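Contents: one structure, followed by commentary.
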There are 2 protein chains.
Amino acid sequence: MSAPEKPLRKITSFDVARRAGVSRGTVSRTFTPNASVSPETREKVVKAAKELGYRVNFLARGLINQRSDFVGVVAASINDPYRAMQIEQIAKSLVRHNFRPILLPDSQGENADHAIEQLLHYNVSGVLVISYAPPTALCAEFAAAGVPIVLINKADSIPTVDRVVSNTDAAGRLAAVTLIEGGARQLVVIGAAAISFTARRLQQSFIACCHALETEVRTFPVKFNDYANGFAAAATLNGVDGAFCVNDYMACGLIDGLRQRGLVVPFDIRVIGHDDVPQASWASYDLTTLKRHFDLQAEQAIDLLLSRMNDLEMAERVELTPVSLVRRSTA
Amino acid sequence: MSAPEKPLRKITSFDVARRAGVSRGTVSRTFTPNASVSPETREKVVKAAKELGYRVNFLARGLINQRSDFVGVVAASINDPYRAMQIEQIAKSLVRHNFRPILLPDSQGENADHAIEQLLHYNVSGVLVISYAPPTALCAEFAAAGVPIVLINKADSIPTVDRVVSNTDAAGRLAAVTLIEGGARQLVVIGAAAISFTARRLQQSFIACCHALETEVRTFPVKFNDYANGFAAAATLNGVDGAFCVNDYMACGLIDGLRQRGLVVPFDIRVIGHDDVPQASWASYDLTTLKRHFDLQAEQAIDLLLSRMNDLEMAERVELTPVSLVRRSTA
DNA sequence: CTGTTAGCGCGTTCAC
DNA sequence: GTGAACGCGCTAACAG
């Protein structure tokens, strides 16, 4: 009634400038990293801003800079414990670096492509792909737009697309050595090599190491690397005394399946997993496993992102994330 | 060398307009929901846009509309299976509604407040808070900015802040009835009522129902609702034949702990959980539990968001998410 | 239904 | 170090 002006008008840098008795440019510089403002004026501006409740509009900033501080995070089946761990670490690292993770939870396939493409509408600073291998055409599109993509634990090499991969060579070797040292002589590796890059690589290095140590080994292919397939595998597994599961989730299933058959882990058969998810340390499993350092991997991914932002033409890089053995009671 | 003009200039609506032989306004209308363009011109514009590889800049759009299509999602300990399920469903629902979830993974406390406040810099459409109760001052700030907040499974009622909560009354009652029908006479409810709203409410309704059915019941307070505390609880639990754990994670720990003591579930003691996380269906546990419908809850949350966007002054609403009993072998 | 005009809020040249 | 101008890419309101 009394006020003709709108009560909820947005506070802009102009308002702050007026109140602080300076120009808009000065206000802008005060809130821009790499500024150059005299301490006194800066203080005046900050004070005025606080009194008015001013906040920089990052949308406008992104418009100017041709780059926002968003980073796309593409991930499917967050449900899986290790996937959840990955995402949490990645999100935390991004926020720590003052990026904002925009989460794209996608079922595989066409939808994912579409969702990823959407990111170009927001001038994102980059994309982290966890659970899906985008087609090269799409990668090229991002490269053309100057938006770096980092693939996490993915297979194929794509020009100007950096990757960070878990050290599967070391993991496979450690698994084999640990089982053999524990007394196993007839080994098996269980995993869906067909659908998972990590599984495939783990299997390869595990087998290679077994051969080098002159130990018998065979593969047990499954459809998915999950609890159910591990459980089912136990039913038809014979003549082995040491099993390497390419993830803990599946190892838990295997152990439960073996128990149902009356077999005792690790006496009848030793089991080793991969990931070190929380369940691995549960009393019911107490699973010996290869720990993946997701916190470290997240930092590596962001480092790659940052360095490529500085040099778009850089040759593609592959960063290796270390794994470490966690000795528990199953091997 | 040959081209003086920059090769990578961004395609703008102006370029599309020129190529299609129309004005910028027309191009804009073509890509704006609730447009009004003649089919023919629309086709021309779309064609030109496709040829040029044009994409609307959503940052600029957000600048105009005073509102972006981002929605903040605040969540701690994504690690927990049920938290992960929640987040996945929420993110999927948001994307389905054409929002972009920006994920704030935060440790409790001051940091969280700061992180949430950051959202105001992006003109977000709303905020979904899963794992943290923001102070009223902060809520007021968002209300003043016209940004709706929806709290998920949180306690305190705050003016103009909507909430969606799991139907804990039904869950507690179902738990009690199921245990008693199964033959239990000495009940216990295990949970960290002090730190979790859901746990507190479940405990209350469980006890109330026991009283109504004239069955003995007591509480077993723990520090956190996790596996370790469930496991530890088993060691000092005596004289009970039915236990309700406020989440499955803890129920798994309890079962493992009981087994270690040589007790047999469900004969010596019946156990019922809450959430229905994937582990609950594992053979090793086969846990009877109350299923939370996260998919539904996510939709409810977004509905609240949308309706409040239409009417900021609306009285606060509380939406109830149903739970359902999943009968397995532990009760 | 279409073209035109006027901002949205800010960063970054320039002169001074 | 500071202020004035211009432009980032787009949508909304109006005139035709």
Side-chain angles (χ1 to χ4, degrees), chain A residues 5-6 8-46 48-49 52-70 118 120-125 145-146, chain B residues 6 8-46 48-49 52-70 120-125 145-146:
Chain A
E5 55 203 11
K6 293 186 182 177
L8 265 178
R9 238 198 63 256
K10 270 247 152 109
I11 309 295
T12 93
S13 63
F14 184 72
D15 302 312
V16 178
R18 283 232 308 199
R19 184 178 246 269
V22 297
S23 78
R24 285 223 321 280
T26 306
V27 175
S28 171
R29 257 169 272 138
T30 306
F31 293 106
T32 302
N34 319 327
S36 58
V37 191
S38 79
E40 312 153 11
T41 44
R42 144 164 268 125
E43 194 181 350
K44 275 196 302 186
V45 173
V46 168
L52 261 43
Y54 168 72
R55 4 186 128 266
V56 178
N57 186 327
F58 286 176
L59 262 35
R61 175 179 284 181
L63 193 54
I64 291 277
N65 295 342
Q66 311 256 57
R67 164 149 300 170
S68 69
D69 43 9
F70 291 109
Q118 291 278 322
L120 286 175
H121 292 258
Y122 299 95
N123 283 8
V124 295
S125 287
Chain B
K6 292 188 182 178
L8 266 177
R9 237 196 65 256
K10 270 243 153 110
I11 309 295
T12 93
S13 64
F14 184 72
D15 302 312
V16 178
R18 283 234 305 203
R19 184 176 247 267
V22 297
S23 78
R24 286 224 315 283
T26 304
V27 175
S28 171
R29 255 169 275 138
T30 305
F31 293 106
T32 301
N34 317 329
S36 57
V37 192
S38 79
E40 312 153 10
T41 44
R42 144 164 269 125
E43 195 181 350
K44 274 197 304 186
V45 172
V46 169
L52 261 42
Y54 168 74
R55 8 186 123 267
V56 178
N57 186 328
F58 285 176
L59 262 34
R61 175 181 284 181
L63 194 55
I64 291 276
N65 295 341
Q66 312 258 57
R67 165 148 301 169
S68 68
D69 44 8
F70 291 109
L120 286 175
H121 292 258
Y122 299 95
N123 282 8
V124 294
S125 287

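Residue numbering restarts at 1 for every chain, and letters A, B, ... go by the order of the sequence lines. A quick note: this is a predicted structure, and the numbers were derived from the prediction, not measured.
- Inter-axis angle, ends of the helix from C:dC1-D:dG16 to C:dC16-D:dG1, five pairs per end, rounded to 10 degrees: 30°.
- Proximity of B:T41 to the phosphate of C:dC1: no side-chain N or O atom is located under 4.0 Å from OP1 or OP2.
- For A:R67, the CZ atom counts as densely surrounded, since its 6.0 Å shell holds more than 12 non-hydrogen atoms of other residues, nucleotides or ligands.
- The two residues B:T30 and B:T26 have their closest heavy-atom pair at OG1-O, 2.7 Å.
- Remark: B:S28 is not in phosphate contact with D:dC10, judged by side-chain N or O atoms under 4.0 Å from OP1 or OP2.
- Contact between B:V45 and B:F31 at its shortest, heavy atoms only, is CG1-CE1, 4.0 Å.
- Between the CZ atom of B:R18 and the P atom of C:dG3 there is a distance of 15 Å, rounded to whole Å.
- Between B:D69 and A:Y122, some side-chain heavy-atom pair lies under the 4.5 Å cut-off.
- Comparing A:F14 and B:R29, the nucleotide of DNA chain C nearest to each residue sits closer to the 5' end for B:R29.
- For the pair A:S28 (side chain) and A:R24 (backbone), a donor-acceptor distance under 3.5 Å is absent.
- Rounded to an integer number of Å, the gap from B:E40 CD to C:dT2 C1' is 13 Å.
- By the salt bridge (Lys or Arg N to Asp or Glu O under 4.0 Å) test, B:R42 pairs with no residue at all, sequence neighbours left out.
- Taking atom OH of residue A:Y122 and atom P of nucleotide D:dG9, one finds them 17 Å apart after rounding to whole Å.
- Taking 4.5 Å as the limit, every side-chain heavy atom of B:V27 sits out of range of all side-chain heavy atoms of B:R18.
- The two atoms that bring A:A48 and A:A20 nearest to each other are CB-CB, 3.9 Å, heavy atoms only.
- Separating the CG atom of A:N123 from the C1' atom of C:dG11 is a distance of 15 Å, rounded to the nearest angstrom.
- Of all non-hydrogen atoms in B:L59 and A:S68, the two that sit nearest each other are CD2-CB, 4.0 Å.
- Look at B:T32 and you'll find a side-chain N or O under 4.0 angstrom from OP1 or OP2 of D:dT11.
- In this structure, B:T26 reaches the C:dG3 phosphate: one of its side-chain N or O atoms is under 4.0 Å from OP1 or OP2.
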Contacts under 3.5 Å, N or O only, protein and nucleotides 6-9 of chain C:
residue	atom	partner	partner atom	Å
C:dG9	OP1	B:Q66	OE1	3.3

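- As judged by a 4.0 angstrom heavy-atom cut-off over every strand, B:V27 is placed among residues making no nucleic acid contact.
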